Amino acid sequence: MSNDRRKPYPFDDIEARWQAHWEEQQTFHVLNPGEPGFDPSRPKYYVLDMFPYPSGTGLHVGHPEGYTATDILGRYKRMCGYNVLHPMGWDAFGLPAEQYAIRTGQHPAVTTAQNIANFKAQLKRIGFGYDWQREVNTTDPGYYKWTQWIFLQLYHSWFNPETNRAEPISTYTGEEPARVRLAYVSEAPVNWCQELGTVLANEEVTDGKSEVGGHPVERRPMRQWMLRITAYAQRLIDELEGLDWPESIRSLQRNWIGRSEGAEVHFQVADLERRITVFTTRPDTLYGATYLVIAPENRIIDEITTEEQWPAVREYRERTARKSDLERTELAKEKSGVWTGAFAVNPVNGEKIPIWIADYVLLGYGTGAIMAVPAHDERDLEFARKFALPIREVVSPEPRLGLGGSSPCSAEPLECFAGEGYAVNSGPLDGLPTDEAKREISRRLEAEGLGYKTVNFKLRDWLFSRQRYWGEPFPVIWDYGEHSAVSEAELPVTPPAMVDFKPSGTPEPPLSKDADWVRYSDTARRETNTMPQWAGSCWYYLRYIDAQNADRFVSKDAEQYWMGGDKPGGVDLYVGGTEHAVLHLMYARFWHKVLFDLGHVSTPEPFQRLVNQGLILGEDGVKMSKSRGNVVNPDDVILQYGADSLRCYEMFMGPLKDAKPWSMTGVEGVFRFLARVWRLVMEENQAGEWVLGKVAETEPDKAARKVIHATIKKVTEDIEDLAFNTAISQMMIFVNHFTGVTPRPVSAIRTLLQVLNPFAPHLACELWDTLNQRFPGPQGDLADQPWPAYDPQFLVEDEVELVLQVNGKIRDKIVVQLDAKNAEIEAAAMASPKIQEWTAGKPVRKVIVVPGKLVNIVL
RNA sequence: GGCGGUGUGGCGAAAUGGCAGACGCAGCAGACUUAAAAUCUGCUUCCCUUCGGGGAGUGCGGGUUCGAGUCCCGCCGCCGCUACCA
């Protein structure tokens, strides 16, 4: 006798069988236009998951949340008659994979292959309907050949400000094409992470620490590849408008791009032929500028610092440089700085004001120099107070007639007023409201060549090279100090199969250790940097469309079919976590726009509709983490309750977008529901075998029919709204109803299985087949059956219960004919004994009748 | 500090401005069973009750409305992201 507890239903047997069936039949393989058997009359639906990073730890329960949602949509749309593209792949280059390889002492190619095999097996165990023939792997030479090819497109093009789009570099008529290419080399201070042995993009650094591993990051000047994403800043903001994306993500992107309107103003350095340009969003406060501040890294400091101040300035710059970004932000509470000994001349009033350096001014933003207006900027005020610099009020919250404001050079502490108001102490601007004052001062500055209106962005160009082994090599060579692209025919540029791929701990990339590989010709050497992790994920959704194409990154026809179509076009639904709000989602938009401008893709935006699934928390209500020991492994859940239970539970937990805590007893509840579905059809015989139960070809009665059609309606609408939790609730209501009905009508059960199929496909397919063996039914797999339609006539009753209220409080209920006239309803309501009791002796002021709902009697 | 989200039973949650708490978990009771598990049936927001019913209730305070969880104004708490961005 088995010591196994009897399973309420044999999910393990069913699930393995159907997964094998889908694989054998290639059920979820979808054809491209032009392929034999392709049906062009069907509309397309492209439903995309954010492909996973195949880490060594395998899937966690967060992965299947989004994946189940898209799988439901995919299976549903398929039943609705769409050609559904639902692919999966691996984002396998990058730091964590390489760190993992180093830790386990294996080559990243080996560990990556293992991790992918593991992930893939896990995904298959959940029964996702992916078209595995379209699987992509960013580390596959057949894939990154095209990543490199896209890099060449960037390299060979420039952004034409006239046309506001990328064009081939051949249309550039200027002197120095190297200065305008979308991919270019720059020597600038970058985020160097000693621990990881590489530089990082701004987006990969938070609070002065690396996103990966949380290691300290310092600024150091290095020669690096950059992508000119800033050229697209405005379009990246503007074109968010038409997208069906969560407002939070759009605002995060806007925020990151950080557009601000203002002016650049030139300040002459006193006694020197040199000017300093500052950027300000408040040119109207120019009369209140009492000193300038320059970022410590700004080279102009070398030219203006006086001899007496040099030691102090040098000491301060060295101290700042030694500070990591982390320290710099942590110590932000306390302002620090040094006077350069120099003065600048305020262009509007000729006043000599001191020039300071301070690390609260950042080199990378604006011009790396500011005019300080302590009366109207918190940071400037703090600094001015610390160093006893003058504070002058030039904006008043209220309009002031005649003279006013504080004494012109008062250094007395006053409240910082950073809002908009009216100009004071500002010569010709006096009395003007802030917005007019801004316009007026800009006009005057421009007329005299002292400045101009401009727009500034927080967004910087994308630092695109890494000093690591596990990434795409650049298709670039260096000859006599000049870079040039290799020809397309030489792609892919594969990295050498190195044994020693560890970072050297210096900015020298590991690839440079292989002299044979580096040597390209007698004089030319290969670029030894590699691309960052984000490169491969910037365009993978395009490769799925035509994953095997050896001649193009994606064929034109296939691209137009899957990405084109109705107006906005692009991927129809993209589901993934918020963590990619500004990194992947902005980089991908940028690349896509370049490809669009160059005529390689047919839409300006890649992802039409974006949905973020919420975080799944541990049972203790906090984020799952190894250290807390609250991580749930999907494999364990499948082992105990089956894949269908895992899928349904993750959808039943709550709204897709919300964060929600895991609950094992909740899984059990959903499991019980699926077992009830099973027993709707099957029962155990004396021998303990599952056999067909009390099912018959009978007509459902009226109540049953109502449940059937209400379920079709609710599930259909809820899937469209991604409200899977309530769709499942409705199916539970269906099952609860039919549990009490014998014999159970076959037609009703079939309908249930059709709508259940996207959620619990193994169970639904199994029961569908079982029914078909006994009762002749529709041919073919359940996956290919049409989605059922509901008939509204079965949803309406001829009688309806109305709530009777007196002054808004419920006092009674009555049943009336659906088509009863308002007057009849009112009469029936007034006739109710309870209503008479409550209204006794009081005049009725008003009666509100809402047909089908209620009657409210107002006294 | 900024932006976004969110507040409803013991818990996860549900409610086109119209019966608050569907559905599920947990709990209680009953059936079946020698017994337990499983399964099935019923109850389950809180307070009062003479068991007929009555009152309160969706973070807090106002407002609009015949009627507000839902709309408007003002607060408070929690979560996430971001932050010397001039």
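Every chain is numbered from 1, with letters handed out A, B, ... down the list of sequences. Because the structure is predicted, anything quoted here is derived from the model rather than measured.
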Peer 1: Rounded to the nearest angstrom, tell me the gap between atom CZ in Phe673(A) and atom C1' in C40(B).
Peer 2: 17 Å

Peer 1: Check nucleotides 1-5 of chain B against the protein and report each pair of N or O atoms closer than 3.5 Å, with its distance, or say if there are none.
Peer 2:
residue: C3(B); atom: O2'; partner: Ser251(A); partner atom: OG; Å: 2.9

Peer 1: Dot-bracket for RNA chain B, 5' to 3', with Watson-Crick and G-U pairs under 3.5 Å, [ ] for crossing pairs and | for other-strand pairs: what is it?
Peer 2: (((((((..(((.....[....))).(((((.......))))).((((....))))..(((((..]....))))))))))))....

Peer 1: Can you tell which of A14(B), G12(B), U39(B) lies closest to the side chain of Arg679(A)?
Peer 2: U39(B)

Peer 1: Can you tell me the distance, in whole Å, between the CD atom of Glu579(A) and the P atom of G80(B)?
Peer 2: 14 Å

Peer 1: As a test of understanding, state which of Asn456(A), Leu459(A), Ile237(A) forms a side-chain contact (heavy atoms from CB on, under 4.5 Å) with Arg259(A).
Peer 2: Ile237(A)

Peer 1: Just jot down the side-chain contact (heavy atoms from CB on, under 4.5 Å) partners of Gln613(A), sequence neighbours excluded, or say none.
Peer 2: Glu65(A), Val575(A), Leu656(A)

Peer 1: Pairs under 3.5 angstrom, nitrogen or oxygen only, protein versus nucleotides 53-56 of chain B, please.
Peer 2:
residue: G55(B); atom: OP2; partner: Arg811(A); partner atom: NH1; Å: 3.0
residue: A56(B); atom: OP2; partner: Lys809(A); partner atom: NZ; Å: 3.4

Peer 1: Distance check, C1' atoms only: U58(B) and G77(B), in whole angstrom units.
Peer 2: 16 Å

Peer 1: Output yes when at least one side-chain N/O atom of Arg672(A) is less than 4.0 Å from OP1 or OP2 of A26(B), else no.
Peer 2: yes

Peer 1: How does protein contact run along nucleotides 29-36 of chain B, one letter per nucleotide 5' to 3', with B for base contact, S for sugar-phosphate only, - for none, heavy atoms under 4.0 Å?
Peer 2: --------

Peer 1: So, for Trp690(A) and Trp678(A), is the gap between ring centers shorter than 6.0 Å?
Peer 2: yes

Peer 1: Could you state the atom-to-atom distance from CD1 of Ile733(A) to P of A14(B) in whole Å?
Peer 2: 14 Å

Peer 1: Using a cut-off of under 3.5 Å, enumerate the N/O to N/O pairs linking the protein to nucleotides 64-73 of chain B.
Peer 2:
residue: C66(B); atom: OP1; partner: Lys846(A); partner atom: NZ; Å: 3.4
residue: C66(B); atom: O2'; partner: Asn856(A); partner atom: ND2; Å: 3.2
residue: C66(B); atom: O2; partner: Asn856(A); partner atom: ND2; Å: 2.7

Peer 1: For a quick test of reading the model: is some side-chain N or O of Asn736(A) closer than 4.0 Å to OP1 or OP2 of G24(B)?
Peer 2: yes

Peer 1: For A86(B), does either OP1 or OP2 sit under 4.0 Å from a side-chain N or O belonging to Ser260(A)?
Peer 2: yes

Peer 1: If we take the P atom in both C28(B) and U16(B), what is their distance in whole Å?
Peer 2: 34 Å

Peer 1: Any idea which of U16(B), C84(B), A14(B) is nearest the Lys335(A) side chain?
Peer 2: C84(B)

Peer 1: Atom CZ of Arg676(A) to atom P of A38(B): distance rounded to whole Å?
Peer 2: 14 Å

